[in-house]
Each structure stands twice: as C-alpha cells, then as structure tokens.
Chemist: 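The structure's right below; bear with me while I get my questions together.
Computed from heavy atoms alone, side chains included, the values below leave out hydrogens, waters and symmetry copies.
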Amino acid sequence: MVLDLILFRRRLVGTLWLWKVVATMKDTLRQLLREALARCYQNGSLVSGEVPAEIMVEVPANPDHGDFATNLALILAKKEKSAPRKVAEALMRALSREEDIFTRVEIAGPGFINFFLTPRCWYGVLDEIAEQGRGFGRQGFGAGTRVQVEFVSANPTGPLHIGHGRGAATGDALASLLAACGYQVEREYYINDAGNQMQTLGRSILLRCRELLGETVEFPGDCYQGEYIRDLAQEVLSEKGEQLLKAPEEETVPFLTDFGGSRILAGIAADLEDFGVRFDNWYSERSLYERGEIQKGIDYLREKGFAYEKDEALWFESTRFGDDKDRVMLRSNGVTTYFASDVAYHKEKFERGFDLVIDIWGADHHGYIPRMKAVVAALGRDKEALQVVLVQLVNLLRGGAPAAMSTRSGEFVTLREVMDEVGTDACRYYFLSRHSDSKLDFDLELAKEQSANNPVYYVQYAHARICSIKRKASEEGMEQPSRDAVDFSALGLPEELTLTKLLAQFPEVVAAAGRAFEPHRLTAYLQELATQFHAYYNRHRVVGEDVKTTSARLYLVNCIQTVIASALSILGISAPEKM
RNA sequence: GCGCCAGUAGCUCAGAUGGAUAGAGCAACGGACUUCUAAUCCGUAGGCCGGGGGUUCGAGUCCCUCCUGGCGUGCCA
C-alpha cells in the first residue's frame, strides 16, 4: 500500500504523467495526512486516537488558500480538547515533505492546513488532455448501468411550446452528461396518444372541417383553438374530400384523431430534430393498451395484494409505499386512469432492463412523484431506481408582458418560433444556464435583443478565437506541437497556471454534475473557463517570435479548446471555428 | 388546511457532501483596438444571503418558526 503510494508519487513527479490530477491529488493528500496523524499518535503529540472515516480535502475558493486545503485539525480539535491551530501544528510537523509536490504547506485561519503544489504538478494535466482529447473528463462510475431518460413526452395535440423546449434541452443534456459518466443511456419520448385529449383533437378538427364547408358551428371552449387545427382541417379535406363528413361521427372522429395526431407528432419530431434532440425510442401509450400491458399492470398489483376495490373503482394501495393517498386505476365507469397507463409504462420500462429510470417532468406534476415511487416499490424495485427531474415552467414574456401558453387557448409561442428568432444554441444555453428546478423568465424581445450579448456567444467566441490562433500559427509555419516538444517551464505566467488548474477541474465538474443530474453546472464552468481565456488572450500573445514559448502556449490553448468543445458537446451546443 | 419548490447585488441567476473575505452575467460609470477576431479586455461601484430563533470551532448551506411568491392537493390528463 505504502509502496504503491511511493511508486505512484515517483511516477507522478518523474514523468509528469498525471491522471485526473485533482481527484488523485486529493487522494494522495488524504493518504499523507493519514500517515501524519498516525505518526502524531505514535509520538504523543496528539492523544485522542480519533481517526476520521474520511479526511476532507478541498479546493479552496480563494487561491490564496492554496491549491488544496484540509479541515482535519478543526475536526480533531474537539476530541483533542485542544486549539485547532495547535492540532494543525502537530500534524504539519508530522507531515512528510514531498518537495517535488509542495512548494509550501501552511496553517491558516482557524486551523486549516493549506497545500501549495509545484506548477510542474499541474502542467501534467495538459498531456492528459492532449492524449485523451474529447475523452478527457469522461467518468467511469456509470459503467455497467443502463439508464433511460424520458423527456418532453408532450401530447400530440399541438405544437411544442417554449416550456417543452426547456425540458428537451435539459433531458438531452442530462442524457449526454450521463453518457459522459459511463452510463449506457437511452432517450425516450412517451407519446400520450390515448385518452380523451386525443378525442378532443379529433373533434376539434371535425368542427373546423364543417366550418370550412360553410356550416355555422359553435366552437366549444374546451376544444383546441389554435390555428393549426384549421390547417389540419384544410389538409384532410383536400385529401379526403367532403365525403369524409358524410360518415357517422363515431367513425370520423377517430379517423381525424389519428390523422391529426400523426401529423402533429411528425411536426414535433421535426422540431426536436432541429433543436438537436434525437430519441432512441418513441413509445406509444396506445400500444400499451393494444398489447394488453395496462391490464397486466393492474393484474400484477392485484396479485401482489396491492390493489383493492372500493366504490366500484379499483385502487392501488400506494399509501403502503409512502404516498399520502391511494390512487384509482380503474374508474367506476370502467375507464382506466392516466395513472394506470403510468403503472404499466413504468413496469414495462424496468422489464426492458433499465437499472435507472429518469423521468423529466414539468414541475406542476411534482405531486405525482410519491405515487410513481410507490409503483416502483410495488414492482419490487428500490425507489431510487426511479429519479424524477423537475423542470419548472417557463414564464414566457413578450416585451415584459406575460404571454399565455395554454395549448388549448391557442395563444402560445411555439418552440419553432423561438428557435427561429433566438437560435438553437442560444436557446439551449439559456435553458441550461439555470438549475432546471427554478423558475425561468424567458422574454422573447430580450432574448432577441441580447443575442449578441448572450453568454453562449461568449463561450463560443473563446473557442473560435483559439481556432483563429491555430490558423495564424499554421500560417506562420508553427504546427501544433507534439507532447514531447513542449517545455512547460515556458509556461511561467500566473494566467497559464490558473487556466491549467481550471482544466484539471473539468473531470470533477462532469462527475459532480452527473451525480446531481444537473447539467447546468457545465455552463457555469464554461463561463469561468472562457473568462480566464479571454483575459489571457487580451494580455498575452500566443504566437510570437520565441518558438519555445509559442509552442507551449499553443499546447495550452489547444487543451482549452478541447475542453470547451467537449463541454459544449455534452450540452448539445455547437463549437464554431469562426464567428 | 396540508405537501413540494423557491426567496442571494438595481435585474436574471450560480453557490454538491456545512468551511476562511458570498460569486458571475446583464444594467451603470471610467478606460483599452497599427496585434492571433473589440461578440473581447481592464478598472469603479453595488449585499442585515426574506425575518427571528437554534445546532457548532464555523451556517447562504442543517433544524424549528414566521412572512412572501409559484405549483400541487380529482374516479382530469
């Protein structure tokens, strides 16, 4: 164990071959501290014998506090019945000095121990990036786990609106993020093509057809009001002719439901495609009925004894699994509920072999979480196997004034319109720059107006600038240096070290974002990286007369480009070479 | 009534597992282009982290309570 560590350190310093420098350094420091602590107990400078299960090593927010810091002395002080700084001193005296690693170790504040690493320690990460390219930062902790991310899943009763766009961006980025963490990921869209909303769609089209044929009809408020219904009516009439309406309504409405539903769904698919979202599966709710899955779901719960009849309805005893109320699956009128579909659907998801199922829902459905978790538990699964990520509704504004978003009222702004006005990159970045579970004001006028000032361009611009530098270097006859041709001692600027440390953090950012299911952490990281790069760019020239310096800087800058492109690609945002 | 989410700079929001002097982007003000892209940079200013208690070496973060806002609380989807 100790031998491994020594060998590791030698390799670390000797070859500068660093692997995930931040995470690994933390482990190394933890081990050194553990050794120091043991030594303290041996020589009696500390007496409590307390050994924390895990020693905390962190990257301080303030660079003056070193590259890494530990609160170990603060934790021990109480058991030691001694002042934290005294404990820290004992630890520090016992700490073996690795001069190749540390430039300085100090006690600060209430008793933190701060570690300052040699620049050479850090620059090794550049080789890692150069070697792994887009693979740098990828994690392995998801390996062997099959995960499904289900998102958007809007009824095919009208076009997607801006709120769906947020769900689409979040779900898609989360799926990519999890893939980057090693998970085997599938994206799925659940088509709610059963139930009375679809009937309403068919009825709405029928009424518009009659209108088009000159009939005076009263168009009910609960029908879909949007202009697209008229378009569909027009379309079906020109295809089928007036004959269509001669048939009895019981035949016409289902036909129109299918007709409208499939057209609308095709439109949705096209919108999502242009938004950069591709699903592995489009899963039809109606197919659950057709294959008898709904009945199987109900039967399953009944056989397990988790269902009972009351008031002529069939209930799932979800309270047994933590829900605050039992839920109806089969209504007294003989019609199954939406919930029954969800039981069957989720049962089927797990039967398909997913270890983890993630549902992305609008936050207005948050009340459904306990009952769906109850279903998962009733299926004999760990409740944690279902994770629900909530996306708060988008508050759509137009010039500061609220714009209605109800599909039924027809007064909505479609995702298509927003994409055309704002651009998909800006739109996606905007959605992904905030925690999905916090409300979002999306002012169309502002989004358009700000487009030149949008953070997404700031990040993309950094990428484009690096491409430009590389073009310039190429023109000057400087090719991208190979690993061995780079002398890191040429990277003497504080900005260069700062940038390198930021790059070294990328794997941890990916891991943290993946574990928390929070892709928005990547935008925060990108912002920071771009900021540091732009500052560097404005102060120093990469391509200069000095070959050694130029070469080292090109190497660094190329790594920055790799990481920016990599992070943007996870978010589904393009990394342009020119702007 | 009960439940979930939120309340951080003028505005929009970041702040995982409790850490040191709470950050960024807009907006405001003053500066920097004969240079690899000024979609950039540098500087200034801006805060009882909704209020009040508590837990401890330490709280924006955890607990309690109150206030405010959004959502949910169907044999709707």
Chemist: Measure CE/A:Met329 against C1'/B:G74 and give the value in whole Å, please.
Modeler: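 After rounding, the gap between these two atoms is 16 Å.
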Chemist: To the nearest angstrom, how far is A:Tyr308 atom OH from B:C75 atom P?
Modeler: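 Distance check: A:Tyr308 OH to B:C75 P gives 11 Å.
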Chemist: Using a heavy-atom cut-off of 4.0 Å across all strands, would you classify A:His435 as base, sugar-phosphate, or nothing?
Modeler: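 Contact class for A:His435: sugar-phosphate only.
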Chemist: Per the side chain to side chain donor-acceptor pair (under 3.5 Å) rule, which among A:Asn192, A:Asp258, A:Asp193 passes with A:Arg286?
Modeler: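 Exactly one pass, corresponding to A:Asp258.
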Chemist: Mind checking the P distance from B:G15 to B:C62? Whole angstroms is fine.
Modeler: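 Rounded to whole Å, the distance is 13 Å.
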Chemist: Would B:C33 be called syn or anti, given that syn covers angles within 90° of 0?
Modeler: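 Base orientation: syn.
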Chemist: Side chains of A:Tyr536 and A:Glu496: is there a donor and an acceptor less than 3.5 Å apart?
Modeler: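 Side chains of A:Tyr536 and A:Glu496: pair found under 3.5 Å.
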Chemist: Roughly how far apart, to the nearest Å, are B:C33 and B:A38 at atom C1'?
Modeler: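 Here B:C33 and B:A38 have their C1' atoms 6 Å from each other.
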Chemist: With both distances under 3.5 Å as the test, what is the Watson-Crick or G-U wobble partner of B:A6?
Modeler: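 Per the H-bond distance test, B:U68.
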Chemist: Tell me which nucleotide, if any, is Watson-Crick or G-U wobble paired with B:U73 when both distances must be under 3.5 Å.
Modeler: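 Across all strands, the one nucleotide that pairs with B:U73 is B:G1.
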Chemist: Heavy atoms under 4.0 Å, any strand shown: does A:Ala513 hit a base, just sugar-phosphate, or nothing?
Modeler: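 No contact at all - A:Ala513 keeps every heavy atom at 4.0 Å or more from the nucleic acid.
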Chemist: Looking only at atom P, what distance separates B:U73 and B:U12, rounded to whole Å?
Modeler: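 One P to the other, the span is 28 Å.
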Chemist: Mind checking who B:G18 pairs with, Watson-Crick or G-U wobble, both distances under 3.5 Å?
Modeler: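 Matched B:G18 with nothing under the 3.5 Å cut-off.
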Chemist: Using atom P in both nucleotides, what's the gap between B:G52 and B:C67 to the nearest angstrom?
Modeler: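 About 15 Å, rounded to a whole number of Å.
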Chemist: Looking only at the side chains, is there a donor atom on one of A:Gln387 and A:Asp359 sitting less than 3.5 Å from an acceptor on the other?
Modeler: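 Note: A:Gln387 and A:Asp359 side chains miss the donor-acceptor criterion.
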Chemist: Between B:U61 and B:A16, how far apart are the two P atoms, rounded to whole Å?
Modeler: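 One P to the other, the span is 12 Å.
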Chemist: Quick one: are the ring centres of A:Tyr525 and A:Phe506 less than 6.0 Å apart?
Modeler: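 Yes, ring centres under 6.0 Å apart.
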Chemist: Phosphate oxygens OP1/OP2 of B:A14: is one of them under 4.0 Å from a side-chain N or O of A:Ser438?
Modeler: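 Indeed, a polar side-chain atom of A:Ser438 lies that close.
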Chemist: Choose from B:C13, B:A39, B:C41 the nucleotide whose nearest atom is closest to any side-chain atom of A:Asn538.
Modeler: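 The listed nucleotide nearest to A:Asn538's side chain is B:C41.
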Chemist: What string of B, S and - do you get for nucleotides 16-24 of chain B, 5' to 3', when a contact is any protein heavy atom under 4.0 Å?
Modeler: BB-BB---S
Chemist: Give the intermediate values and the outcome of salt bridge (Lys or Arg N to Asp or Glu O under 4.0 Å) for residues A:Lys470 and A:Glu479.
Modeler: CA-CA 8 Å; A:Lys470 286 164 74 174; A:Glu479 289 311 318; over 6 Å; no
Chemist: Taking CG from A:Leu554 and P from B:C36, how many angstroms apart are they, rounded to a whole number?
Modeler: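 One finds 14 Å between P of B:C36 and CG of A:Leu554, rounded.
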Chemist: Would A:Ser153 and A:Tyr283 count as having a side-chain donor-acceptor pair, cut-off 3.5 Å?
Modeler: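 A:Tyr283 and A:Ser153 do not have a side-chain donor-acceptor pair below 3.5 Å.
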Chemist: Would you indicate what A:Ser332 reaches in the nucleic acid, counting non-hydrogen atoms under 4.0 angstrom: base, sugar-phosphate, or nothing?
Modeler: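 Base contact.
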Chemist: Out of B:C41, B:A39, B:A14, which nucleotide sits closest to the side chain of A:Met579?
Modeler: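 So the nucleotide nearest the side chain must be B:A39.
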Chemist: Please assess A:Glu317 against A:Arg327 for the test salt bridge (Lys or Arg N to Asp or Glu O under 4.0 Å), listing each intermediate value before the final yes or no.
Modeler: CA-CA 7 Å; A:Glu317 200 182 348; A:Arg327 307 294 170 179; over 6 Å; no
Chemist: Rounding to a whole Å, what distance do you find between A:Leu76:CG and B:G58:P?
Modeler: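 To the nearest whole Å, that distance equals 17 Å.
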Chemist: Which nucleotide, in any strand shown, forms a Watson-Crick or G-U wobble pair with B:C36, with both distances under 3.5 Å?
Modeler: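 For B:C36, the partner nucleotide comes out as none, under the 3.5 Å rule.
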Chemist: Heavy-atom nearest nucleotide on RNA chain B for A:Thr337 versus A:Ser433: which residue maps closer to 5'?
Modeler: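 Upstream on the strand: A:Ser433.
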Chemist: Working to the nearest 0.5 Å, report the span between NE2 of A:His463 and CD1 of A:Ile573.
Modeler: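 Here the interatomic distance stands at 13.0 Å.
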Chemist: Considering every strand and a 4.0 Å limit on heavy-atom distances, what is the contact class for A:Asn155: base, sugar-phosphate, or nothing?
Modeler: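 Answer is sugar-phosphate: A:Asn155 comes under 4.0 Å of backbone atoms only.
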Chemist: Just call it for A:His463: base, sugar-phosphate, or nothing, with non-hydrogen atoms closer than 4.0 Å on any strand.
Modeler: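 If one applies the 4.0 Å heavy-atom cut-off, A:His463 turns out to touch nothing in the nucleic acid.
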Chemist: Distance-only, no hydrogens or angles: does the A:Gln139 side chain make a donor-acceptor pair with backbone N or O of A:Val510 under 3.5 Å?
Modeler: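 No, the answer is negative, given that no donor and acceptor are paired below the 3.5 Å cut-off.
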Chemist: Quick one: do the A:Glu285 and A:Ser341 side chains pair a donor with an acceptor below 3.5 Å?
Modeler: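 Indeed, the side chains of A:Glu285 and A:Ser341 share at least one donor-acceptor pair under 3.5 Å.
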Chemist: Would you say B:A38 has OP1 or OP2 under 4.0 Å from some side-chain N or O of A:Arg465?
Modeler: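 Checking B:A38 against A:Arg465, a side-chain N or O does come within under 4.0 Å of OP1 or OP2.
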Chemist: For the side chain of A:Asp311, starting at C-beta, report the closest nucleotide among B:C13, B:A39, B:C75.
Modeler: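 When the side chain of A:Asp311 is considered, B:C75 is the closest of B:C13, B:A39, B:C75.
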Chemist: Quickly work out the A:Ile466 CD1 to B:A39 C1' distance and round it to whole Å.
Modeler: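 Answer to the nearest Å: 15 Å.
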Chemist: Ignoring hydrogens and angles, answer whether the base of B:G3 and the side-chain atoms of A:His366 contain a donor-acceptor pair closer than 3.5 Å.
Modeler: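 Flag set: donor-acceptor pair detected.
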Chemist: Identify whether any heavy atom of A:Lys325 sits under 4.0 Å from a base atom; if not, whether one sits that close to sugar-phosphate; answer base, sugar-phosphate or nothing.
Modeler: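 Since only primed, P, OP1 and OP2 atoms lie under 4.0 Å of A:Lys325, the category is sugar-phosphate.
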Chemist: Under 4.0 Å between a side-chain N or O of A:Arg539 and OP1 or OP2 of B:A32?
Modeler: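 No, outside the criterion.
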Chemist: Say we look at B:G43 and B:A6: how far apart would their P atoms be, to the nearest angstrom?
Modeler: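 Going atom to atom, P in each nucleotide, I get 34 Å.
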Chemist: How many whole angstroms separate atom CD of A:Gln505 from atom P of B:A14?
Modeler: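 My rounded result for the distance is 20 Å.
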Chemist: When all nucleic acid strands are considered with a 4.0 Å heavy-atom cut-off, which category describes A:Tyr537: base, sugar-phosphate, or nothing?
Modeler: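 Base contact.
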Chemist: If the P atom of B:C42 is compared with that of B:G25, how far apart are they to the nearest Å?
Modeler: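 My reading of the P atoms in B:C42 and B:G25 gives 9 Å.
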Chemist: Rounded to whole angstrom units, what separation is found between the OH atom of A:Tyr430 and the P atom of B:A14?
Modeler: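 That distance rounds to 11 Å.
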Chemist: Would A:His534 and A:Tyr458 count as a close aromatic pair, with their ring centres under 6.0 Å?
Modeler: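 Yes, ring centres under 6.0 Å apart.
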Chemist: Would you kindly give the CG-to-C1' distance between A:Asp326 and B:G74, to the nearest whole Å?
Modeler: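 Answer to the nearest Å: 14 Å.
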Chemist: Please tell me if A:Tyr457 has a side-chain N or O lying less than 4.0 Å from either OP1 or OP2 of B:A38.
Modeler: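 Result: no.
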Chemist: Closer to the 5' end of RNA chain B via nearest nucleotide, is it A:Arg434 or A:Gly367?
Modeler: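 Counting from the 5' end, the first nearest nucleotide belongs to A:Arg434.
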Chemist: What interatomic distance, in whole Å, is found between P of B:C66 and the corresponding atom of B:C2?
Modeler: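 Between the two P atoms, the distance is 9 Å.
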